[in-house]
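One structure below.
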Amino acid sequence: REKIDFFFLMIRRPPRSTQSRSSAASDVYKRQPQQVPETLLLKRFGDMMNQNELKKCYIGAGYYNTITPPVVQRNILENPQWYTSYTPYQAEISQGRLESLLNFQTMICELTGLEQSNASLLDEGTAAAEALNLCYGTFSSKKNVFLVSKDVFPQTIEIVKTKAKFLNVEIIVDDVSKFDYKSHKERLCGVLIQYPDNFGSVRNYETLIQQIKTEAEAKVVLATDLLALTLIKSPGELGADIAIGTAQRFGVPMGYGGPHAAFMAVREEFQRKIPGRVVGISKDAQGRSAYRLALQTREQHIRREKATSNICTAQALLANISVMYAIYHGPRGLKEIARRVNSLAQILFLGLNDLGYQTVQKLSLIHISEPTRLLSISYAVFCLKKKNMYLIIIQESY
């Protein structure tokens, strides 16, 4: 009842009318409380917000605690000139935002080692779905099988399956290192691999990617982590055709699961097929360098049914936050943050071993298996919850 009353507080009471209303409508209007002052409404909001319990989340799967620098928070996240702006179609009045988005694209290209990036997508799952669409379209829809590593984030697998259903593409979720690529050469259009994977494992996929291209002639998509890429080989170095992921780790709050800016980077051969907006540099009437939206003939507002990109959704504000985070810290600062994350994982690894747990050491995640002493995993999880810390429990058969 209290929640219903609070809802009605936010609805204006309609003006009285001389016209007759039905008895049912009259009863609804009679139940509406009187309007209240803004200060009282804000107090009620505050009281409800104070009931939230702030806990530390270590579930992972693409969502990580991060710190938004105050200067970025004040000047971009909380600045209406940034958070209320629409798509920068009018380049002459959008040079600042276009420059920032170009910086975002440059950052993604440098970290992924690929030639072309877009100016953000909705989230990592939908970026994976768009990568599937790109791979499928590359072979003129003649190859209709797409392989997904079993170690890809669970939510990404589900979104890719949904996209594939409407493209009539068969999704195979399997161990990519043991898959028979030769027998699927005629049908396999692409392979999606998580790097680092859902278990925090980092593997050198260079040989595997070469095998996929040789035996199946398929495209390779790496779903990756920007912070990890400051320390490990880039997808471009490994030979991948497409790199996707989320920029959430670069200063964007978790926000109860979103929104977060995704990215997609591709090799030059796919630059006219990459979805979403692309910012480029041109020259104005006076011959000066200027920023604008480029390659717009790919987009549906230009070519309609012949468009190679039907994506109008981006996360420009959050993409700008992530690139400003990178500028704020610089290359050296980002590497220091990545090393700190890795060092904390090593400390946890050594501590768990001392407590008697069998652990598998990964880059940034500790995988706990069967205990060697009387300490059970459920007891360890119980102790962590008492400290307001939450983990994800993954079955060995996952």
Take Ile337 and Leu227, measure what side chain to side chain contact (heavy atoms under 4.5 Å, CB included) needs, and give me the verdict at the end. CA-CA 8 Å; Ile337 294 169; Leu227 192 63; 4.1 Å; yes
Which of these, Ile212, Asp241, Leu134, sits in a side chain to side chain contact (heavy atoms under 4.5 Å, CB included) with Lys219? Asp241
Is any side-chain heavy atom of Tyr181 closer than 4.5 Å to a side-chain heavy atom of Val191? yes
Please lay out, stage by stage, how Tyr291 and Ile281 fare under the test side chain to side chain contact (heavy atoms under 4.5 Å, CB included). CA-CA 5 Å; Tyr291 305 102; Ile281 303 177; 3.9 Å; yes
Above 12 or not: heavy atoms from other molecules or residues under 6.0 Å from NZ of Lys335? no
Crowding at CD, Glu78 (>12 non-hydrogen neighbours, <6.0 Å): yes
Are Met49 and Leu41 linked, directly or through other ILVMFWY residues, by side chains that come within less than 4.5 angstrom of each other? no
Can a salt bridge be assigned to the pair Glu269 and Arg267 using a cut-off of 4.0 Å between side-chain N and carboxylate O? no
Step through the shown structure and confirm whether more than 12 heavy atoms of other residues, nucleotides or ligands are within 6.0 Å of CD on Gln81. no
In this structure, would Val71 and Tyr83 fall into the same cluster of hydrophobic residues linked by side-chain contacts under 4.5 Å? yes
Keeping Gln155 on the side-chain end and Glu124 on the backbone end, is there a donor-acceptor pair under 3.5 Å? no
To the nearest 0.5 Å, how far apart are CG in Asn144 and OH in Tyr136? 6.0 Å
Heavy-atom side-chain contact between Tyr63 and Cys57 under 4.5 Å: no
Shared hydrophobic cluster for Leu98 and Ile76 (ILVMFWY, side-chain gaps under 4.5 Å): no
Quick one: are Gln211 and Thr207 in side-chain contact, heavy atoms under 4.5 Å? no
Take Leu147 and Asp174 through the test side chain to side chain contact (heavy atoms under 4.5 Å, CB included) and record every step on the way to the result. CA-CA 7 Å; Leu147 174 64; Asp174 203 349; 4.0 Å; yes
When rounded to the nearest 0.5 angstrom, what is the spacing between CD in Gln73 and CD1 in Ile67? 11.5 Å
Taken to the nearest 0.5 Å, the spacing of Arg249 CZ from Asp225 CG works out to 4.5 Å
Given side chain to side chain contact (heavy atoms under 4.5 Å, CB included), test Ile242 with Leu114 step by step and report yes or no. CA-CA 8 Å; Ile242 305 168; Leu114 296 170; 5.7 Å; no
For the residue pair Thr126 / Asp123, report whether a side-chain donor-acceptor contact shorter than 3.5 Å exists. yes
Atom pair CD1 (Ile274) and CG (Leu295), whose distance is rounded to the nearest 0.5 Å: 9.5 Å
When rounded to the nearest 0.5 Å, the distance separating CG of Leu167 from OG of Ser141 is 8.0 Å
State whether a side-chain donor-acceptor pair under 3.5 Å links Gln315 with Gln248. no
In short, Ser322 meets Phe104 closest at the heavy-atom pair OG-CE1, 3.4 Å
Nearest atoms (heavy-atom pairs only) where Gln194 meets Thr224: NE2-N, 4.5 Å
Got a sec: does the CD of Glu53 have more than 12 other heavy atoms crowding it under 6.0 Å? no
Does the Asn320 side chain pair with the main chain of Ala316, one donor and one acceptor, at a distance under 3.5 Å? yes
Are Asp197 and Arg203 close enough that some pair of their side-chain heavy atoms sits under 4.5 Å apart? yes
Are the aromatic rings of Phe250 and His329 close, with centres under 6.0 Å apart? no
Looking at CG of Leu188 and CZ of Phe179, how far apart are the two atoms once the value is rounded to the nearest 0.5 Å? 6.0 Å
Answer yes or no: is there an ion pair linking Arg340 with Glu336, defined by an N-O contact shorter than 4.0 Å? no
Relative to each other, are the rings of Tyr195 and Tyr205 parallel, tilted or perpendicular (30° and 60° limits)? perpendicular
Given 3.5 Å as the limit, does a donor-acceptor pair link the side chain of His260 with the main chain of Leu122, or not? no
